[in-house]
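Side chains included, hydrogens not; waters and symmetry mates left out as well; all remaining heavy atoms used.
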Amino acid sequence: MNNGRVWRFLDSIFFIILVMMLSWTAYKEWLPKDTILWFVYIYFAFRILLTFLIEKKVFKFNFTIFIIIFLCFLSMFWSIAPSYTLKNSIILLIQTLIMIYMANLYKIKDILILISCSGTIITVSSFIVAILYPDMGLNMDKYYGAWEGIFTHKNNIAEVMALYILFEVFLIKVLEGKIKKSLIFFIILLQIILILLSQSTTGLFLLVFSLVFSQILIYLSSIKQTYLKASITSFFFLMFIFVSGILLIYSSKILGLFGKDLTFTGRDVIWDAANYLIGLKLIGGYGFKSTFIEGSFFYNYILSYLDFNITIGTLHNGFLELISYIGVLGMVFFLLALILYIVRSFMYMKLSSSKLKVLPLTFILYVLILNTQESALLGSEFALIWCIFVYFQTIFLLER
C-alpha cells in the first residue's frame, strides 16, 4: 500500500468519525464527543498543513464563508464569554478548512459514500440501543415510546435520518452493482422505519418534501426544449402558490392532524423573546455561541419569558440564532453566501451532466426548511449542515 492509499484510507476513517460526531446529538450520552472531535481536528490540521506545505496544493475556497467566520472571531470582543466565543470560532474555522480540504481532494460521490457509512453506523447503533436499552433509546417522558436511538431527542434522530436518506437516494444513482445498490436501499428502509418510530412529523415532512422537490428538479433538468421547460416550471410554480395558499388558510386544521398547533409547540413564545433581545444588539449580536450561557442576560430573559417549565438551549430557528450571535451584519453576509450558493446551484445543474447535479439545490431546500423550526445553521450541534454547505460552495468553484 503506497503513501497515497494510506492517507486516503486515514482521511476516510477520520471523515466518517467526523460526520458521526457532527450529526446533532448522536452519541452525546454514550461517547466523549468533544475529545473524539479534537483528535479528528488535529489529524485534519496536520493533513491540511502537509498537503499545503509539502505537496504544494493550492486550495480554492469561497471568500464570503471566511467573512462570516471572521465576524464570529470578532464578536469575542463584545461577548460575555470571550474565551468561549474564541474556542467555538476556532472549531468553526477548523470544520470549514476540513470541508475545503475534502472538496479539493474528493469528489461528491466519494463524500456521499463516506456519509452513507456514517449513517449506516448511526442507524444500526440506534436500533441496537432502542431494543437493548429502551430506557435510554426510547423517550420515557412527554413523547412516551418515541424512538430516540443514540440521540437525545426524537426530532434529532428523524431529521438526521432524513438528511442521510436524501444523500443515499442520490448515491444509489451513481453506484455500480446491484449488491451495493440493494445494500443502500436496505439502509434507507431502516432509516425510514426510524423516522416513523420517532413519531417526528417534522422529520417526516422534511424527508417527503425534499425527495419530491428533488424529483421535480430531476424531471425539469431532463427537459431540453426551452418553451416546454418554461411552461412546466410555471405550472409547478402556480401549483406551489396554490398549495401554499391552502396550507395557509387551513393551517390550524392541517397542523392539528399532526398533533401540532400554530404556536409550533411553544416556539412562538421563544421567538417573540428572541426578537426583542436581538433588537437590543441588532448590528453585531451578542457574540458567537454566547447567548445560552447559563446566568447570562439573554438566557435569563428567555427563561423568564416562558410560562411553562422547559429547558432550552437554542432559539429553535437557525436564522434568529445566527442574528443573535453575529447580528444583522452577519446575516447580510450569510444571505450573500446563500444567494451565491443558489445561483451556482442552478448553474451547476445546467452545466453538469452528473446524476448528482440537483443534489446541492435539494440540500439547501432541506436546510432552509429545517431552520425554520430548529437551530442548525451556524455553531449548531448539527454542524454537519454547515460542513456540507461549505463543501458544495467549494465544489462550485472547482467545477466552474
Side-chain angles (χ1 to χ4, degrees), residues 16-37 115-169 182-208 210-211 255-261 264-267 270 292 306 308-314 316 366 370 373-376 380-385:
I16 288 171
I17 296 171
L18 177 72
V19 172
M20 289 167 57
M21 295 299 105
L22 298 185
S23 293
W24 226 324
T25 56
Y27 299 106
K28 187 174 183 178
E29 297 176 332
W30 299 84
L31 297 173
K33 289 182 67 170
D34 289 342
T35 303
I36 293 171
L37 279 170
I115 289 175
S116 181
C117 289
S118 300
T120 300
I121 295 171
I122 287 178
T123 300
V124 173
S125 299
S126 292
F127 271 100
I128 292 172
V129 167
I131 294 170
L132 298 183
Y133 305 96
D135 55 325
M136 296 189 70
L138 304 183
N139 187 286
M140 297 296 176
D141 195 14
K142 183 179 178 181
Y143 306 104
Y144 186 82
W147 279 42
E148 296 174 345
I150 45 87
F151 295 80
T152 61
H153 196 279
K154 70 184 186 76
N155 283 344
N156 290 171
I157 187 172
E159 290 155 2
V160 170
M161 289 300 116
L163 182 61
Y164 280 131
I165 292 170
L166 178 62
F167 288 142
E168 287 159 351
V169 165
S182 298
L183 179 60
I184 297 299
F185 184 73
F186 176 69
I187 296 300
I188 289 174
L189 287 179
L190 291 179
Q191 290 165 344
I192 291 173
I193 291 171
L194 282 178
I195 292 176
L196 295 175
L197 291 174
S198 73
Q199 304 173 25
S200 171
T201 53
T202 306
L204 186 59
F205 174 79
L206 270 171
L207 174 63
V208 173
S210 298
L211 291 180
L255 287 170
L257 294 174
F258 297 99
K260 301 287 185 179
D261 54 46
F264 295 99
T265 325
R267 286 179 173 88
I270 299 172
F292 277 89
L306 303 178
F308 48 89
N309 185 26
I310 187 172
T311 301
I312 60 169
T314 72
H316 287 281
Y366 168 94
L370 175 64
Q373 298 293 303
E374 305 285 0
S375 294
S380 163
E381 278 190 278
F382 200 4
L384 182 60
I385 294 291

Check against side chain to side chain contact (heavy atoms under 4.5 Å, CB included), Thr120 and Leu183: CA-CA 10 Å; Thr120 300; Leu183 179 60; over 6 Å; no

Considering non-hydrogen atoms only, spot the tightest contact between [X] and [Y] and give its length.
{"X": "Val160", "Y": "Tyr366", "answer": "N-OH, 4.3 Å"}
{"X": "Glu374", "Y": "Arg267", "answer": "OE2-NH2, 3.3 Å"}
{"X": "Ser200", "Y": "Asn155", "answer": "OG-OD1, 2.8 Å"}
{"X": "Met21", "Y": "Tyr27", "answer": "CE-CD1, 3.8 Å"}
{"X": "Ser116", "Y": "Glu168", "answer": "OG-OE2, 3.4 Å"}
{"X": "Ser380", "Y": "Trp24", "answer": "OG-NE1, 4.5 Å"}

CA sep, side-chain torsions, deciding dist, call: Ile157, Ser126, side chain to side chain contact (heavy atoms under 4.5 Å, CB included): CA-CA 9 Å; Ile157 187 172; Ser126 292; 3.9 Å; yes

Any side-chain donor near an acceptor of the partner, Tyr164 and Ser23, under 3.5 Å: yes

Whether Phe127 and Trp147 hold their rings parallel, tilted or perpendicular, with breakpoints at 30° and 60°: perpendicular

Salt bridge (charged side-chain N to carboxylate O under 4.0 Å, His left out) pairs, two or more places apart, involving residues 17-29: Lys28-Glu381

Note, Leu211 side chain near Leu166 side chain (heavy atom, < 4.5 Å): yes

Leu163 side chain near Leu370 side chain, heavy-atom distance below 4.5 Å: no

Side chain to side chain contact (heavy atoms under 4.5 Å, CB included) between Leu190 and Met161, worked out: CA-CA 10 Å; Leu190 291 179; Met161 289 300 116; over 6 Å; no

Straight-line distance of Glu148 CD to Ser198 OG, nearest 0.5 Å: 9.5 Å

From OG1 (Thr202) to CG (Leu207), nearest 0.5 Å: 12.5 Å

Working for side chain to side chain contact (heavy atoms under 4.5 Å, CB included), residues Met20 and Lys33: CA-CA 10 Å; Met20 289 167 57; Lys33 289 182 67 170; over 6 Å; no

Residues Asn156, Thr25; criterion side chain to side chain donor-acceptor pair (under 3.5 Å); working and verdict: CA-CA 7 Å; Asn156 290 171; Thr25 56; 2.7 Å; yes

